[in-house]
Every structure is written in C-alpha cells, then in structure tokens.
Amino acid sequence: MRFQAPRGTQDVLPTQSHRWRFLEDTFATLASRYGYKELRTPTFEDTDVFLRTAGETSDIVTKEMYTFTDKGDRSLTLKPEGTAPAMRSVLEHSLCPQGSILRMWYAIPIFRYGRPQKGRYREAHQFGLEVVGSGAVTADAEVIEVTSRFFQEVGIDDCAVHINSLGRAECRSRFQEAILNHVATFLTDQTEEVKAKAHKNPLGLLDSKDPATQEALKGLVPILQYLEPESKARFEQLQQLLTDASVPFKVDTDIVRGLDYYTETVFEVLSNKLGAQSSVCGGGRYDNLVKEMGGSPTPCVGVGIGVERTLLVLEAAGLEIPEDRLDVFVVSAAPDAEAEVLAIARDLRSAGLSAMSDLDARSLKSQLRQADKSGARFALILGTDELEKGVVQVRDLAQGTQTEIPRSEIASHFKDRAKD
RNA sequence: GCGGAUGUAGCUCAGUGGUUAGAACGCCUGACUGUGGCUCAGGAGGUCGUGGGUUCAAUUCCCAUCAUCCGCCCCA
C-alpha cells in the first residue's frame with residue numbers, strides 16, 4: 001500500500017517552492033507598501049462563522065464545507081474562504097473601533113469539498129486583502145489597484161480587472177425580479193432543479209456557461225440600469241479612480257460573485273488559461289457582513305487571490321521564476337582535506353554566502369558534477385598541494401576559469417564577487 | 001454530486017493473452033590516476049495504480065476501487 005496525498009491536495013515540491021515564495025513575498029511586500037498588516041487566523045473555525053455569512057444558498061455552505069465534530073462535540077469547519085474568519089477576528093478583538101480604518105492582508109489555505117480538476121483543488125491557497133471601516137469608493141479603488149499591481153509585479157501584465165456593481169439590496173431585488181421575468185418562458189421547459197436554482201439565485205444565471213441560458217438572457221437590461229443614483233455615481237467614480245491610477249479594467253455586467261454578502265462593487269480577474277476555472281481572483285464590497293455577524297454596521301471591501309491559479313497562469317505564460325543560486329560548492333580533492341573543506345564552507349556561510357560540500361566522500365569528478373548541478377557560481381577546490389601552500393583553487397563554473405587565492409582571503413574574495 | 005478520458009521506470013512515453021516488459025531524458029560509475037558542463041561505454045531503477053474475476057496463463061480481457069485530466073456544477 002503506497003500512500004498518496006489526499007484527493008485534491010498537492011505537495012509543493014522543492015523544485016517548485018521558490019515559485020510560491022516569490023508570490024508570497026511579492027504579495028506581502030506590496031500589501032505592506034500600502035500599509036496593510038498581516039492577519040493570521042486558525043485553520044478551522046466554528047461552523048456557524050460560515051453558516052451565518054456565506055449565505056445559505058451558496059454551494060460552498062450547502063455541500064462543499066469540510067465540517068467535523070471534535071471530541072468536545074463542537075462543530076468545526078476548515079475555512080472555505082478568508083473573509084468571514086477575518087471579520088470574526090476583527091469583532092472578537094475589536095480591531096476596528098467606530099470611525100477607524102483597518103487594512104489587513106493574509107495568506108491562507110482554504111478547503112472546499114468538490115470534484116478536483118485543473119485550477120480547482122480541495123485544499124487551495126488564497127491571498128487576501130480586507131479594508132474594514134471605510135465605505136469610500138477610494139477604498140474599493142485601492143483594493144483593486146493593489147490586486148492589479150500584484151498581477152503586474154508577478155509578471156502577468158495583460159490582465160484586466162472586470163468590474164461590476166450589484167448596488168444595494170433594493171435595486172438588486174428589482175433586478176432579480178427582472179431577470180426572472182425575462183427568462184420566465186425559458187424556465188418553463190427547464191428541469192425542476194434548474195428552476196429551483198434560478199429562483200434561489202437569479203444572478204447566478206448571468207455567468208452561466210449554458211448557451212441556451214445565455215440566449216434566453218439576450219436583451220436583458222443590465223443591472224447598471226437598475227442602480228440607485230448613489231450606486232451609479234459610486235460606480236462611475238470608481239472607474240474614474242481606476243483610470244487615474246492606470247489600472248486596466250473592463251466593465252462586465254456578468255460578474256456577480258458567488259457569495260451572498262457582496263454589495264455595490266464586485267470584481268474579478270479572469271484568465272483563459274485555467275480551463276473551466278476562469279477566475280484568478282474575486283472580490284468586492286461587503287457592507288452588511290459585519291452587522292450580520294453581530295457587530296455594528298461596518299463597511300468593508302476585500303479581495304481573494306487564488307495562488308494555485310496565479311501559478312497556472314504564470315506557467316501558461318511561460319514565465320520563469322528565478323531560483324536562488326548557491327554561491328559556492330566547496331570541493332575536497334584529497335581525503336585529508338575534508339575537515340578543512342567543512343571549515344571553509346562554515347566560514348563562507350558566516351560571511352553571508354551560501355555554501356555546500358559533498359557528504360559522501362565521493363570522487364573529485366563527482367563533487368564537481370554535484371557543484372555543476374547545484375547551480376553554484378563557484379567551486380572552491382582544496383587538495384594536498386593547496387593544504388600545504390595554504391591556498392585554494394577558485395573555479396568559475398560558468399566560465400571554466402580558475403584562480404588560486406590564499407585561504408585568508410576567501411571570505412573577502414567572495415564578498416566582492418557576490419555583489420555582481 | 002453528474003458525464004467522459006487516462007493510469008507501464010524519477011520524468012515523457014512505447015509495447016504484448018504466454019519464457020528475463022522497452023526507449024529517450026534524468027540518475028550513478030567509468031573513459032579523464034587533482035577538475036564539472038560535450039561525447040562514448042557500463043550500471044542501478046518497474047509487485048505494468050490497487051483489489052477482485054475470467055483463463056492452463058494477464059501488465060494486456062472484465063468488474064470494482066483509488067488517483068489525475070476534460071466538461072457540467074461551483075468558485076480561488
């Protein structure tokens with residue numbers, strides 16, 4: 001019986017982990033340049049945290065949660081998304097007193113039980129941003145700007161943010177009614193399941209991939225026409241702000257988002273490189289969530305960025321993420337040089353360089369092969385002659401050139417070389 | 001959760017109802033008695049996803065199961 005990673009999960013192998021680090025570092029640095037601080041929350045939460053917030057209609061609550069009962073008979077759930085736990089923490093610790101504004105970022109695993117395929121996993125990872133306490137459009141614009149810059153910095157520069165507005169509750173319910181009226185005749189010949197779903201979440205019809213559904217929706221007046229004057233003004237302002245910030249965007253009235261808590265601004269970044277999964281990130285404004293969780297009404301905006309999906313897009317674009325190279329591989333050319341080799345490697349590390357040496361007392365040739373494969377810039381060779389003379393051979397592995405330097409000058413020699 | 005495809009060495013893939021299952025790449029060793037990358041030679045590595053069944057005989061046929069991929073659904 002051979003073990004394998006559970007279905008829908010994956011190992012990040014040593015050859016791949018630098019790609020993850022690159023994304024994590026880029027995101028963390030960027031977020032902190034905008035003044036966001038990191039929030040770390042537990043991997044699991046009381047199940048109620050999600051039942052109350054994601055909306056009873058959403059599939060993630062009804063059938064995709066990893067829920068279990070612990071030995072104390074508590075119902076717990078591996079978090080399927082990051083916003084609700086973040087808000088739970090904000091409320092629990094009063095992180096955002098009335099009138100203040102809180103900016104946070106996080107990098108978390110999320111868990112959803114669904115059938116895995118490319119870009120969809122049972123354990124996935126998400127970078128998130130949340131701005132708590134501001135109802136200003138500038139907050140919406142800021143979150144979108146950071147998101148867009150993240151993709152740019154990571155090397156994906158051809159992505160436009162698709163934005164839409166869902167308005168406030170009143171206009172949304174009028175729009176939902178309009179959708180149902182529009183597709184009423186179409187729905188009559190549909191299965192009970194389709195009908196039920198349509199009534200439960202009419203907005204969901206908009207991003208349906210079913211051609212017949214899309215056909216039935218033809219001629220529907222887009223939601224933007226239903227917006228109240230303030231919502232409309234806000235959406236226009238948002239576009240102006242994004243334009244001012246040189247953030248490429250596209251108004252896309254099919255963006256509806258899957259979670260129930262969104263209001264006003266919603267957005268996604270889409271990619272055609274992900275097969276059936278088109279969205280790399282999704283976010284928007286959720287002004288009612290905190291109140292629904294029992295806090296005082298607090299306007300918020302946030303975004304979740306799919307790490308695996310971002311990686312897939314990078315890969316599809318053929319973007320290579322450079323890996324840290326080893327500086328020096330220290331080679332022993334004589335059995336009695338081994339202790340010295342270890343000492344030299346240690347000195348190099350103390351001087352801030354990366355250094356490795358052979359572990360198995362293999363041949364000189366083998367050690368140089370290892371040096372070559374390690375990607376090291378230099379091999380440092382120490383044999384009988386060198387021991388006697390108190391020197392080492394410094395071999396530039398890319399150029400094949402070799403020079404001799406005194407032992408005492410090793411650290412300073414490489415300090416200078418390492419700079420270029 | 002539904003439909004379809006796939007599963008043979010570390011990787012990418014050939015192949016066959018029947019004595020020891022192959023290739024390229026990768027890996028190790030050597031040619032090169034103190035020197036990597038190229039070349040050449042040799043070597044290691046596979047219970048042919050797992051479990052059943054059919055058969056004198058199965059990696060090959062059948063069933064189940066697990067996993068991956070594609071579409072639906074859902075979304076990151």
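In this text the structure is predicted, and so the values were computed from the model without any measurement. In the text below, chain A, chain B and the rest are named by the order of the sequence lines, each starting its count at 1.
- Out of B:G37, B:C73, B:C70, the shortest distance to the side chain of A:K197 is found at B:C73.
- Contact between the side-chain N/O atoms of A:Q117 and the OP1/OP2 oxygens of B:G71 is found at a separation under 4.0 Å.
- The gap from the C1' atom of B:U8 to that of B:C13 amounts to 9 Å, rounded to the nearest Å.
- Judged by Watson-Crick or G-U wobble contacts below 3.5 Å, the nucleotide B:C2 has B:G71 as its partner.
- Nucleotides B:G1 and B:A58 place their C1' atoms 35 Å apart, quoted to the nearest Å.
- A:F127 and A:F27 have parallel rings, their planes meeting at less than 30° on a 0 to 90° scale where 60° marks the start of perpendicular.
- In this entry B:U20 has no Watson-Crick or G-U wobble partner, no candidate having both defining distances under 3.5 Å.
- Atom CG of A:L274 and atom P of B:C70 are 10 Å apart (whole Å).
- Heavy atoms of other residues, nucleotides or ligands lying less than 6.0 angstrom from CZ of A:R325 number more than 12.
- Note on A:R257: a side-chain N or O is less than 4.0 Å away from OP1 or OP2 of B:A76.
- Under the Watson-Crick and G-U wobble criteria, each requiring two contacts below 3.5 Å, nucleotide B:G7 is paired to B:C66.
- Ion pairing between A:E268 and A:K250 fails under the 4.0 Å rule for side-chain N and carboxylate O.
- Among the protein residues, A:Q126 comes within range of the sugar-phosphate backbone only, with heavy atoms under 4.0 Å from sugar or phosphate atoms but none that close to a base.
- Rounded to whole angstrom, the span from the CZ atom of A:R122 across to the C1' atom of B:C74 amounts to 13 Å.
- Checking B:C74, B:C66, B:G71 against every side-chain atom of A:R115, the shortest atom distance belongs to B:G71.
- Within 6.0 Å of the OH atom in A:Y34, the count of heavy atoms belonging to other residues, nucleotides or ligands exceeds 12.
- Summarising the geometry, the separation between CZ on A:R7 and C1' on B:U50 is reported as 15 Å, rounded to the nearest angstrom.
- At the heavy-atom level, A:E268 lies nowhere under 4.0 Å from the strands shown.
- Taking 4.5 Å as the limit, every side-chain heavy atom of A:H162 sits out of range of all side-chain heavy atoms of A:V251.
- Each of A:Q399 and A:G119 lies near RNA chain B, and the nucleotide nearest A:Q399 is the one positioned closer to the 5' end.
- Pair assignment for B:U54 gives none, since no Watson-Crick or G-U wobble pairing has each distance under 3.5 Å.
- To the nearest whole angstrom, the two C1' atoms, one in B:C11 and one in B:U68, are 16 Å apart.
- Counting all heavy atoms, side chain and backbone alike, A:T67 lies closest to A:S75 at CG2-OG, 3.5 Å.
- Exactly one residue among A:D327, A:V394, A:L348, A:L397 makes a side chain to side chain contact (heavy atoms under 4.5 Å, CB included) with A:F378. That residue is A:V394.
- A salt bridge does not link A:R407 with A:E409: every distance from a Lys NZ or Arg NE/NH1/NH2 to an Asp or Glu carboxylate oxygen is 4.0 Å or more.
- Across all strands shown, B:A44 forms no Watson-Crick or G-U wobble pair with both distances under 3.5 Å.
- The separation of B:G17 from B:A31, taken at their C1' atoms, amounts to 45 Å, rounded to a whole angstrom.
- When the P atom of B:G34 is taken as reference, atom CG of A:D358 falls 17 Å away, rounded to whole Å.
- The CG atom of A:D207 sits 9 Å away from the P atom of B:C73 (whole-angstrom rounding).
- The interatomic distance linking A:L397 (CG) with B:C38 (P) rounds to 14 Å, in whole Å.
- Checked for salt-bridge contact, A:R112 and A:E81 miss the test: no charged N lies under 4.0 Å from a carboxylate O.
- In this structure, A:V280 reaches the sugar-phosphate backbone alone: every heavy-atom distance under 4.0 Å involves primed, P, OP1 or OP2 atoms, never a base.
- Across all strands shown, A:E308 has no heavy atoms under 4.0 Å from either base or sugar-phosphate atoms.
- Rounded to whole Å, atom C1' of B:G10 lies 15 Å from atom CG of A:D11.
- Across all strands shown, the partner of B:A31 is B:U39, judged by Watson-Crick or G-U wobble contacts whose two distances both fall under 3.5 Å.
- Residue A:G82 is out of contact with every strand shown, counting any heavy-atom pair closer than 4.0 Å.
- At the heavy-atom level, A:A398 lies under 4.0 Å from base atoms of the strands shown.
- Taking the P atoms as reference points, B:G37 lies 36 Å from B:C48, given to the whole Å.
- At the heavy-atom level, A:G282 lies under 4.0 Å from the strands shown only through sugar-phosphate atoms.
- Counting heavy atoms from C-beta on, the side chains of A:E145 and A:S246 never come closer than 4.5 Å.
- In this model, a side-chain donor or acceptor of A:Q402 finds a partner on the base of B:U35 within 3.5 Å.
- Going from the P atom of B:G45 to that of B:U55 covers 36 Å, rounded to whole Å.
- Using a 4.0 Å heavy-atom criterion, one finds that A:F127 contacts no nucleic acid atom at all.
- Atom C1' of B:C74 sits at a distance of 43 Å from the matching atom of B:U16, rounded to the whole Å.
- Atom name P, nucleotides B:U12 and B:G51: the rounded distance is 23 Å, in whole Å.
- One N or O donor and one acceptor, one from the side chain of A:D372 and one from the base of B:G36, sit under 3.5 Å apart.
- Comparing A:Y113 and A:K209, the nucleotide of RNA chain B nearest to each residue sits closer to the 5' end for A:Y113.
- Base contact: A:G400 has a heavy atom under 4.0 Å from a base atom.
- Atom CG in A:D210 sits roughly 16 Å away from atom P in B:G71 (whole-Å rounding).
- Ionic pairing of A:D70 and A:R74 is present here: one or more N-O contacts between side-chain nitrogen and carboxylate oxygen are shorter than 4.0 angstrom.
- Contact annotation for A:A371: no contact, since no heavy-atom pair falls under 4.0 Å across all strands.
- Of the listed nucleotides (B:A76, B:G34, B:G3), B:G34 has the atom at the smallest distance from the side chain of A:D385.
- With distances taken from any side-chain atom of A:A333 to the nucleotides B:G34, B:G4, B:C74, the minimum falls on B:G34.
- Contact annotation: A:R112 side-chain N/O to B:C74 OP1/OP2 distance is not under 4.0 Å.
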Any protein N or O atoms within reach of nucleotides 24-31 of chain B? Criterion: under 3.5 Å, listing atom names and distances.
unit_1	atom_1	unit_2	atom_2	d
B:C28	OP1	A:K373	NZ	2.6
B:U29	OP1	A:S366	OG	3.4

